[in-house]
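Step one of this worksheet: look at the structure below.
Each chain gets a letter, A, B and so on, in the order its sequence line appears, and its residues count up from 1. Fair warning: this is a prediction, and the values are worked out from it, not measured in the lab.
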Amino acid sequence: MRKVRGVPGGEVLALDYPAVADYLTRFLERELAWRGYTKALVAVSGGVDSATTLALAARALGPENVHALALPHAESAPESLEHARLAARAFGVDLEVIDITPMVEGYASVRPDLTPYRKGNVKARARMIVLFDLSMAYQALPLGTGNKTERLFGYFTWHGDDAPPVNPLGDLYKTQVWGLAEELGVPEAILKKPPTADLIPGQTDEADLGLSYRRADVILEHYLKGYPDAYIQALGYREEEIRRVKELVNKTHYKRHLPTVAVVSTTAIHEFYLRPLDYRVELT
Amino acid sequence: MRHAVLQLAPEKGQVRRNLAHLEAALLELAEDAPEVVVVPEAYPTGYFLQGGVRELALTVDELAEALDGIHRRAWEGPLDLVIGFYEKDEQSGDYYNAAAYFELGGRGLLHRHRKVFLPTYGVFDEERYLSRGHGVRAFDTRFGRAAILICEDFWHSITSTLAALDGAEVIYVPSASPARGFSGPRPANVERWRQLAMSVAAEHGVYVVLASLVGFEAGKGMSGGSLVASPEGRLLGEAPVFEEALLLVDLDLARIPPVRYDNPMLADLKSGLPILWNDLRRIREEL
């Protein structure tokens with residue numbers, strides 16, 4: 001007799017990328033529209049997240065309504081700028097290059113104790129200053145490019161690269177951004193290179209984090225959904241990897257929130273007084 | 001009995017503008033001459049209001065007055081209209097997620113349903129801001145007998161069972177469903193709605209009319225995919241996801257008796273239900 005075998009259920013990270021691309025395109029168009037914007041500004045690092053964000057913005061608004069910015073520092077890897085140019089060309093967007101070396105070195109010159117790690121954060125915050133200034137100059141909304149994995153790990157500069165008000169990739173794990181990037185035609189050189197924040201010469205994300213993104217994302221998905229460690233281990237993940245993922249998530253919750261305010265009333269903002277960010281009452 | 005589902009995208013908190021948009025949609029529909037128009041959950045304000053419910057909720061009289069004005073300006077002859085809205089009860093001061101059935105240009109308000117199942121999990125937080133409704137009832141319209149269920153009400157098949165036992169031939173379901181689950185070409189919640197609507201319609205031999213909100217609300221994409229399912233559980237029409245659309249479908253209540261004769265699930269339920277009373281009572285006592 002014929003035996004028919006079912007497949008076991010489980011959590012799936014793979015997405016229908018054409019559907020996701022369509023959804024995020026609509027998201028960008030609508031989120032800009034109600035804020036009164038028709039143009040967007042994307043800081044393009046040469047990496048896959050910003051290239052994917054640029055592709056979505058070009059689809060949503062038309063390439064002529066998207067400003068791409070490359071913001072290199074003298075210590076940045078030369079290939080970062082090359083890949084930023086490659087991404088801008090691929091999606092038909094003009095690229096403006098602004099060297100942040102004078103801004104960063106101006107500060108560094110008055111703080112000789114600046115460590116490479118701190119200087120990396122200064123670079124990220126210098127980029128944020130340029131992005132927001134040109135947002136006003138061009139009447140273009142800055143788009144965030146951070147993915148869910150780095151947001152969960154706190155692997156970003158607080159009030160730096162997390163500052164833009166609209167972020168299409170923030171609920172996609174790095175693994176999913178790679179899938180979406182391929183769907184949108186992000187150039188192979190960007191897609192295949194090891195991810196790097198390029199804030200300190202020679203760094204890579206996976207070495208900084210001590211984890212592989214593809215493995216970390218599966219652990220994250222199960223951890224966020226409440227599966228116990230033993231279940232995740234049974235899927236083939238090591239105890240120390242799971243521990244590292246949980247450590248990174250749990251020491252960075254504060255980075256995903258607004259600053260802590262001492263609550264003294266029953267109208268404390270975001271504690272008692274709760275309104276969604278798109279809330280507007282018609283005034284008569 | 002021509003129905004038009006108005007799959008519209010409200011602007012958050014802009015009640016007057018949203019009602020003007022509804023009026024424009026009705027003008028667009030004049031040539032199609034629908035007799036019943038169905039508008040999604042929380043349409044006048046948008047769905048996610050948090051504490052803003054108490055600033056923006058309408059009394060049923062305020063809504064009736066606004067709709068009468070729209071009807072006078074935009075429509076000739078009577079028009080039945082089902083609409084979801086945040087309701088303020090003037091007597092008690094309580095707030096509800098409600099939907100009302102109006103016979104505009106006729107008897108006015110025929111029925112109001114207050115949502116019983118208030119989703120308060122995940123992205124949802126309704127019970128923090130709203131009171132629960134306390135029942136499901138069918139009611140008579142000029143065409144037949146109907147019931148209203150709002151969004152999660154419909155995800156519990158017991159509510160549509162009660163509506164069908166109470167004689168409903170058409171179940172109207174205003175909803176607001178944020179897209180989630182993108183492992184297939186259509187979001188998982190949209191697939192779930194379609195399956196539910198088709199199986200409920202087929203189980204009871206009723207029409208199901210789903211009016212689902214669209215538009216983005218601070219990153220949450222209301223998915224649309226409004227639909228009408230026939231008493232056999234077939235899709236008679238379906239609106240696209242994520243965009244505004246006017247879905248026109250003719251419902252023929254005369255088809256219900258023959259369809260139910262072929263597949264007498266509701267009649268079987270009526271005769272079989274007394275056998276289950278003891279278990280229902282036992283389970284109720286154990287809950």
So for Tyr17(A), is it side chain, backbone, both, or neither that comes closer than 4.5 Å to the heavy atoms of chain B? neither
Locate the shortest heavy-atom distance separating Pro119(B) from Phe117(B); write the atom from each residue and the value. CD-O, 3.2 Å
When every non-hydrogen atom of Leu277(A) is compared with those of Ala218(B), the smallest separation belongs to CG-CB, 3.9 Å
Pi-cation contact, Tyr279(A) with Arg275(A) (under 6.0 Å, within 45°): yes
What residues of residues 144-177 of chain A make heavy-atom contacts with chain B at a cutoff under 4.5 angstrom? none
Regarding Trp193(B) and Ser177(B), do their side chains bring together a donor and an acceptor under 3.5 Å, going by distance alone? yes
How are the rings of Phe48(B) and Phe124(B) set relative to one another: parallel (under 30°), tilted (30 to 60°) or perpendicular (over 60°)? parallel
Taking every non-hydrogen atom, the tightest pair across Val116(B) and Arg132(B): O-NH1, 2.9 Å
Using a heavy-atom cutoff of under 4.5 Å, enumerate the residues of residues 238-248 of chain B that contact chain A, numbered in order, or state 'none'. Val241(B), Phe242(B), Glu243(B)
So, using salt bridge (Lys or Arg N to Asp or Glu O under 4.0 Å) as the criterion, who are the partners of Asp22(A) when residues are at least two apart? Arg26(A)
Could you tell me whether Tyr172(B) and Phe154(B) have their ring centroids closer than 6.0 angstrom? no
Is Arg35(A) reaching over with its side chain to a backbone N or O of Glu31(A), donor-acceptor style, under 3.5 angstrom? yes
Looking at every non-hydrogen atom in both residues, tell me the closest pair between Asp205(A) and Tyr213(A) and how far apart they are. OD2-OH, 2.7 Å
Do Ser183(B) and Asp16(A) have side chains that approach each other closer than 4.5 Å (heavy atoms only, starting at C-beta)? no
Glu127(B) side chain to Thr120(B) backbone, donor-acceptor under 3.5 Å: no
Over-ring placement of Lys115(B) relative to Tyr96(B), 6.0 Å and 45° cut-offs: no
Under 4.5 Å from any heavy atom of chain B - which part of Pro18(A): neither
Select one option (side chain, backbone, both, neither) describing which atoms of Leu28(A) are under 4.5 Å from chain B's heavy atoms. neither
Close approach to chain A in residues 6-24 of chain B, criterion heavy atom under 4.5 Å: Glu11(B), Lys12(B), Gly13(B), Gln14(B), Val15(B), Arg16(B), Arg17(B)
Do you know which two heavy atoms are closest between Ser226(B) and Leu210(B), and how far apart they sit? CB-O, 3.1 Å
